[in-house]
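These numbers were taken from a predicted model, which means no experiment stands behind them.
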Amino acid sequence: MTTILSLTSSFKFVVKENTPRRGAKRSEFINQYEPNKQKTFNSGRTFRFQSELSIGKTNLSRQMEDFVSYVESGSVEKALQLFDEMNERSSFLWNLIIRVLTNSGFFEEALDLYFRMSIEGTKADNFTFPFVIKACGGCLDHDVGRKIHSKLFKDGLDLDLHISNSLILMYAKLGCIGSAEKVFDEMPIRDLVSWNSMINGYIMISDGLASFMCVRKMQQYNMRPDRFTIMSTLHASSLVCSLPKGKEIHALTIKSKLECNPMVQTSLIDMYGKCGGMCYAERFFNMISQRHIASWNAMIRGYALNGRPLESFSCLRKMQENGCKPDNVSLINLLLSCSQVGSVLMGKTVHGYAIRMEFLSHIVLETALIDMYGKCGEPRLAELAFNRMHQRNLISRNTLIASLVQNGLYKDALKFFWDIWNDGLKPDAMTITGILPVYSEIAQLREGKQLHGYIVKSGFCSNTFVLNSLTYMYAKCGDLVSARDMFDGIFLKDVISWNTIIMAYAIHGYGEVSVKLFSKMKKMGIKPNASTFVSLLSSCSVSGMVEEGWKYFNSMKSEYGIDPDIEHYGCMLDLLGRVGDLNRAKQLITEMPLEPTSRIWGSLLAASRRHRDLEVAEFAAKKMLPLEHDNTGLYVLLSNLYAETGRWEDVKRIKSLMKSRGLTKTVGVTMVDVKGKTFRFTNEDRSHEHSHLIYDVLDIILKNPRGDLSKFKPIDLLRKMSKSTDRHSVRLARNSGWRFEDLSPFQNG
DNA sequence: TTAGGGTTAG
């Protein structure tokens, strides 16, 4: 027989360990508990097992008393030490030790002790299983969970009230809501906990409506809601973002005399914050006599979620004045406000405070720091914060990848993405949605397709977020057909899916299709948001649909209650500029209720250049210059316009102005991916050995805008090319056995 | 001894 001798406090972080209970042979399992063998768990705890020791001197009843008190107070280490010293362990003692481990979050250890219990000959009973099942849910161990359920079925214990209640929650935690419902339906007797577990189960899978329906059904069975029911339904209200529903539950809380419960109070503030009712949250919060830290934190978060970041900081000050010290959660919530303001200085202050108060390392806080640095435009600081973490998980990696992508550091993002596999982890849907924009930006369709293959293999194909990103990736990489395929394959299309496909057709110049898709979207009952109109107005712009453009622009406020933002005005200006209505464009700028940005003036400038209107161009440039004096594009645009109208003196003036201000022309680079190799080329670039050939084909392509190039067989192209004066390129093409897809512009990629 | 709990990162 082996016993646990001691629990060392060496917090060594073990990334992944295959515990023998997963499909291992029984002998292997027993083997790990050999005398003097040490075992480290994922939690970082290390147990050492030694041969049986006899103590015998201790007064048994006193020992038992101490043991129970350690378990009651959650003193895991002391309880384990005492458990270790006990010679005879009844199922009662085993149940207690498994209970304390599970309730302290040592799920893996609790499961190991459960297996040891049976090996040592003590039978698990109806008191053991609720905690063992909870441990399975805690460490998301689907296999063990199902195996234990089968064993319970065989032993006839599966219908026990407490065991069934635990099974409902375990299945919900594992995302198997169907299994949870089955357990619930088959229960011969259900108590309030059963109903609460099912209600909470729906919350776990983010199904607020199902949760409400379950509450209604529960009331039909004459079950009166308790504080757990109230907390869950408040959570459900936040999930469906329904303030009226939340208020209804607040009324029920008062009726049920549960309003004074601190946890219910926090849930109420949280619900109001998440449903956009901060005034109700404030009113309620001011009524509370004894404010708990969680209530303060819920207020701080509420302000951040409602776009009132500065007030979340004043709330923190008030909290401190009231003698309540901020904790990890307060700082996590504050970081959200820092990101909203985009103030890295405020973020650094929070970071510094966290270090001084010794809140680090804390994985959630550290991840929030990475996110803040990324959103504040400091990807290198995000990376630094990541590198300093003692423990990293998939979420912290995903956050770093998203931060790098947001800030255009695509190569670094890819490196961290591949590191996920190297570190033995598996990317999840969030990783995929984080990294996919990289392939869109660098237009690497081949790699993008490879990732698509991984998505299919990993079963993320039903995830709307993933499919939205794939739609965008294909559209940006020029493969509109695949983009449409992706969109059509989305089972639950959300507003982002529709916005993406509308934008996809817009960027390919098919504005009419975008408009049709918008009508379809409305028919399907999807409510457009501000981004929908950016996509839609861009579509009208690319296709020069002025009337439709105005119609949609005007409907934003009147039909959908959306105030046009600067981006929408920008789209309208692009549209007016494209059709050459410069006067109307100028009028729109003067009439708009927002302060024109350089983007707005830039749009007018580009339009006036296109229509060779020097007067409007100079007007726009004068307005733009104070806002963006270092915008090279502005100077270049103006200089080109002067050149086109033959004002060479002005061209010289602009060029010397650029020189004196230290501005150099930014070169635009186009990248083409051909057979796995990326080629970059710039305007008028003739560095490639086949540049004659390339320019000839380019000429053919340009003469066939919007034409279906696939119908051109290589021989046709060659025939067309043979008419070209450059015989050399044709000969070269024939000799090299050139095919259309072999167009490899410049091999300096 | 039994089950369910507030605010918390992408």
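Looking at heavy-atom distances under 4.0 Å, Met430(A) makes contact with a base. Counting any heavy atom pair closer than 4.0 Å across all strands shown, Lys274(A) reaches sugar-phosphate atoms only and no base atom. Using a 4.0 Å heavy-atom distance criterion, Asn95(A) is classed as a base contact. Among the atoms of the strands shown, base atoms are found under 4.0 Å from some heavy atom of Asn393(A).
Of all nucleotides listed (dG4(B), dT8(B), dT1(B)), dG4(B) comes nearest to the side chain of Ser197(A). Considering only side-chain atoms of Asn200(A), the nucleotide from dG4(B), dG6(B), dA9(B) that sits closest is dG4(B). The listed nucleotides are dG6(B), dT8(B), dG4(B); the one nearest the side chain of Lys134(A) is dG4(B). Minimum atom distance to the side chain of Asp125(A) is reached by dT1(B), of the listed dT1(B), dT8(B), dA9(B). Considering only the side chain of Ile395(A), dA9(B) comes nearest among dT8(B), dA9(B), dG6(B). Residue Leu192(A) has its side chain nearest to dG4(B) when only dG4(B), dT1(B), dA9(B) are considered. Checked against dT8(B), dT1(B), dG4(B), the side chain of Leu169(A) finds its nearest nucleotide in dG4(B). Taking every side-chain heavy atom of Asn196(A) into account, dG4(B) is the closest of dT1(B), dG4(B), dA9(B). You'll find that the side chain of Phe127(A) is closest to dT2(B), out of dT2(B), dA9(B), dT8(B).
At whole-Å resolution of the value, CG in Asp160(A) and P in dG4(B) are 14 Å apart. Between the CG atom of Leu268(A) and the P atom of dG6(B) there is a distance of 14 Å, rounded to whole Å. If you measure from atom CG of Asp191(A) to atom C1' of dT2(B), you get 12 Å, rounded to the nearest angstrom. The distance from atom CZ of Phe284(A) to atom C1' of dT7(B) is 14 Å, rounded to the nearest whole Å. Regarding His292(A), its NE2 atom lies at a distance of 14 Å from the C1' atom of dT8(B), rounded to whole Å. Between the CG atom of Asp428(A) and the C1' atom of dA9(B) there is a distance of 13 Å, given to the nearest Å. Atom pair Leu331(A):CG and dA9(B):P shows a separation of 13 Å (rounding to whole Å applied). As rounded to whole Å, 11 Å separates atom C1' of dT8(B) from atom CG of Leu336(A).
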Donor-acceptor contacts under 3.5 Å from residues 318-332 of chain A side chains, at least two apart:
| from | atom 1 | to | atom 2 | distance (Å) |
| --- | --- | --- | --- | --- |
| Asn322(A) | ND2 | Lys318(A) | O | 2.8 |
| Asp327(A) | OD1 | Asn297(A) | ND2 | 3.0 |
| Asp327(A) | OD1 | Val329(A) | N | 3.2 |
| Asp327(A) | OD1 | Ser330(A) | N | 3.0 |
| Asp327(A) | OD1 | Ser330(A) | OG | 2.8 |
| Ser330(A) | OG | Asn297(A) | OD1 | 2.7 |
| Ser330(A) | OG | Asp327(A) | N | 2.9 |
| Ser330(A) | OG | Asp327(A) | O | 3.3 |

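A donor and an acceptor atom never sit less than 3.5 Å apart when one is taken from the side chain of His235(A) and the other from the base of dG6(B). For Asn261(A) against dG6(B), no side-chain N or O and base N or O form a donor-acceptor pair under 3.5 Å. At a cut-off of 3.5 angstrom, counting only N and O atoms as typed in the model, there is a donor on one side and an acceptor on the other between the side-chain of Thr266(A) and the base of dG6(B).
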Test log, rule side-chain contact (heavy atoms from CB on, under 4.5 Å), inputs Ser194(A) and Leu161(A): CA-CA 8 Å; Ser194(A) 323; Leu161(A) 182 66; 3.8 Å; yes
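Listed by first then second residue, pairs satisfying side chain to side chain donor-acceptor pair (under 3.5 Å) with a partner in residues 199-208 of chain A read Glu181(A)-Tyr202(A), not counting sequence neighbours.
The aromatic rings of His250(A) and Phe284(A) sit perpendicular, their planes meeting at an angle over 60°, well past the 30° parallel limit. Ring geometry for Tyr221(A) versus Trp195(A): interplanar angle of 30 to 60°, hence tilted.
Heavy-atom minimum distance, Ala298(A) versus Ile269(A): CB-CG2, 3.7 Å.
For the OP1/OP2 pair of dG6(B) and a distance below 4.0 Å, the side-chain nitrogens and oxygens of Arg291(A) include no atom meeting the criterion.
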